[in-house]
Q: 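Below is one structure. I have some questions about it.
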Number of protein chains: 2
Amino acid sequence: MLDPMETGEPEEFDLKNFLPYLLNISGEVTSSGFQTSYKEEYGMTRTQWRVLFHLGRYGDMTARDICSRARTHKTKVSRAVSALEGMRFLKRQKDQNDRRFETLCLTTDGDKAYKALCRKAGQFDSELSAKFTPKENAILRRCLRQLADFD
Amino acid sequence: MLDPMETGEPEEFDLKNFLPYLLNISGEVTSSGFQTSYKEEYGMTRTQWRVLFHLGRYGDMTARDICSRARTHKTKVSRAVSALEGMRFLKRQKDQNDRRFETLCLTTDGDKAYKALCRKAGQFDSELSAKFTPKENAILRRCLRQLADFD
DNA sequence: TGGTATTAGTTGAAAATGTAACTATCAACG
DNA sequence: CGTTGATAGTTACATTTTCAACTAATACCA
């Protein structure tokens with residue numbers, strides 16, 4: 001395992017501090033715990049959860065809006081929308097001015113599911129937040145929003 | 001971005017501050033940028049990258065070790081190991097004392113790939129770190145390690 | 001007009017992942 | 001021994017995601 005091209009490179013790189021890796025692992029760990037609450041009860045995937053929450057939280061919008069707000073690819077959103085439509089959680093409405101668009105809006109059932117999951121999400125987030133001080137929480141979230149290109 | 005809709009409902013939950021969501025989005029955004037460097041050049045997936053880096057950074061170990069250190073499911077690791085073996089980036093060696101185990105170790109090619117990608121990763125991480133102050137970086141990484149159940 | 005480029009969204013095939021069951025090896029205990 | 005149970009790793013099958021076309025509607029511009 002000796003490498004003749006070794007140029008005395010300092011081996012300072014530490015995987016456990018590499019941000020993309022850390023973000024993915026912590027994202028998987030935290031999400032997989034929370035996911036059971038909607039997967040078992042509603043048979044929903046993570047992407048479907050995202051779409052539901054965007055509509056529930058920010059009101060009616062197009063698939064394109066969800067794509068850009070959630071930095072999610074349009075095929076993922078398209079399929080999630082179809083699935084949620086099949087569950088009768090949302091409806092589509094063609095824009096009469098520009099018929100390429102369709103506005104998505106939650107049905108009563110969809111809104112009910114959103115509100116129920118919203119409570120669970122709030123509780124789950126509180127448990128996670130409890131691990132840190134208010135200041136750490138603020139910094140953590142601000143950094144993450146910046147990395148996610150939010151704001 | 002628009003603020004919460006004050007339509008009457010007490011809407012305290014904010015998606016953009018929900019930790020699992022934030023972690024996933026920021027993880028996807030940061031990883032997808034970095035991923036091109038190993039996907040195009042080595043045809044490697046994210047899981048394969050993980051396995052390669054664990055062996056490169058921490059030395060020979062079993063698949064089980066990688067599973068627990070990277071919090072990755074054993075089927076993912078198993079397939080990544082097979083793929084990396086097919087690329088001649090690693091070899092397996094049955095443990096003579098307990099033949100259920102096999103120790104994985106990088107080949108010369110695997111180590112070369114690791115070192116090349118290591119430089120890119122270090123550079124990439126520096127660019128990300130530059131967005132924050134040293135203190136923010138320290139807090140961010142410490143929080144993430146804790147969420148990931150590291151240490 | 002008409003031709004070209006964009007944009008919103010869908011679809012099919014290939015790749016990756018998740019889940020559960022499977023093989024093989026070893027340990028513990030009668 | 002032999003049975004039971006645990007552990008390392010693989011495999012089969014279903015689901016999800018990715019990637020590259022694709023349709024349909026609109027915008028731009030000569």
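These figures come from a predicted structure and were not determined experimentally.
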Q: Can you measure B:Asp65 atom CG to D:dG9 atom C1' for me and round it to whole angstrom units?
A: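 From B:Asp65 CG to D:dG9 C1': 13 Å.
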Q: Could you list the donor-acceptor pairs under 3.5 angstrom formed by side chains in residues 80-93 of chain B, with sequence neighbours left out?
A:
{"residue": "B:Ser82", "atom": "OG", "partner": "B:Ser78", "partner atom": "O", "Å": "3.2"}
{"residue": "B:Ser82", "atom": "OG", "partner": "B:Arg92", "partner atom": "NH2", "Å": "3.2"}
{"residue": "B:Glu85", "atom": "OE1", "partner": "B:Arg92", "partner atom": "NE", "Å": "3.0"}
{"residue": "B:Glu85", "atom": "OE1", "partner": "B:Arg92", "partner atom": "NH2", "Å": "3.1"}
{"residue": "B:Glu85", "atom": "OE2", "partner": "B:Arg92", "partner atom": "NE", "Å": "3.2"}
{"residue": "B:Arg92", "atom": "NH1", "partner": "B:Glu102", "partner atom": "OE2", "Å": "2.7"}

Q: Please determine whether a side-chain nitrogen or oxygen atom of B:Thr47 lies at a distance below 4.0 Å from atom OP1 or OP2 of C:dT17.
A: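 Answer is yes, contact under 4.0 Å.
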Q: Counting side-chain heavy atoms from CB outward, which of D:dG9, C:dT11, C:dA8 is closest to B:Arg64?
A: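 Between D:dG9, C:dT11, C:dA8, the one nearest the side chain of B:Arg64 would be D:dG9.
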Q: Atom NZ in B:Lys120, atom OH in B:Tyr38: separation rounded to 0.5 Å?
A: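 Separation between the atoms: 12.0 Å.
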Q: If you measure only the distance, is there a donor-acceptor pair under 3.5 Å linking the side chains of B:Arg100 and B:Thr62?
A: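 The criterion, which ignores hydrogens and geometry beyond distance, is not satisfied for B:Thr62 and B:Arg100.
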Q: Would you say A:Lys94 has more than 12 foreign heavy atoms packed within less than 6.0 Å of its NZ?
A: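 For A:Lys94, atom NZ is crowded (more than 12 foreign heavy atoms under 6.0 Å).
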Q: Any idea which heavy atoms bring B:Thr75 and B:His73 closest together, and the distance?
A: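 Heavy atoms of B:Thr75 and B:His73 come nearest at OG1-ND1, 3.0 Å.
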Q: According to a strict under-4.0 Å criterion, is A:Thr45 in side-chain N/O contact with OP1 or OP2 of D:dT16?
A: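 Checking D:dT16 against A:Thr45, no side-chain N or O comes under 4.0 Å of OP1 or OP2.
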Q: Over how many whole Å does the gap from A:Glu102 atom CD to C:dT7 atom C1' extend?
A: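 The distance from CD of A:Glu102 to C1' of C:dT7 comes to 14 Å, rounded to the nearest Å.
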Q: Contacts to DNA chain D from residues 83-90 of chain B, heavy-atom cutoff under 4.0 Å, which residues?
A: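 Within this stretch, nothing sits under 4.0 Å of the strand.
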Q: Which pair of heavy atoms, one from B:Tyr42 and one from B:Ala113, lies closest together, and at what distance?
A: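 Residues B:Tyr42 and B:Ala113, closest heavy atoms: CE2-CB, 3.8 Å.
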Q: Given atom CD of B:Gln35 and atom C1' of D:dT17, what is their separation to the nearest angstrom?
A: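 Going from CD in B:Gln35 over to C1' in D:dT17 covers 12 Å.
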Q: Without decimals, in angstroms, what is the distance between B:Met44 CE and C:dA15 P?
A: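 It is 17 Å, rounded to the nearest whole Å.
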Q: Donor-acceptor pair, distance only, cut-off 3.5 Å: does the side chain of A:Ser26 make one with the backbone of A:Leu23?
A: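 Yes; at least one donor-acceptor contact below 3.5 Å.
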Q: Taking A:Asn24 for its side chain and A:Pro20 for its backbone only, find out whether a donor-acceptor pair lies under 3.5 Å.
A: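 Yes; judged by distance alone, with no hydrogens or angles, the pair exists.
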Q: I need a per-nucleotide contact map over nucleotides 18-26 of chain C, read 5' to 3'. Cutoff is protein heavy atoms under 4.0 Å; write B for the base, S for backbone only, - otherwise.
A: BBB----BS
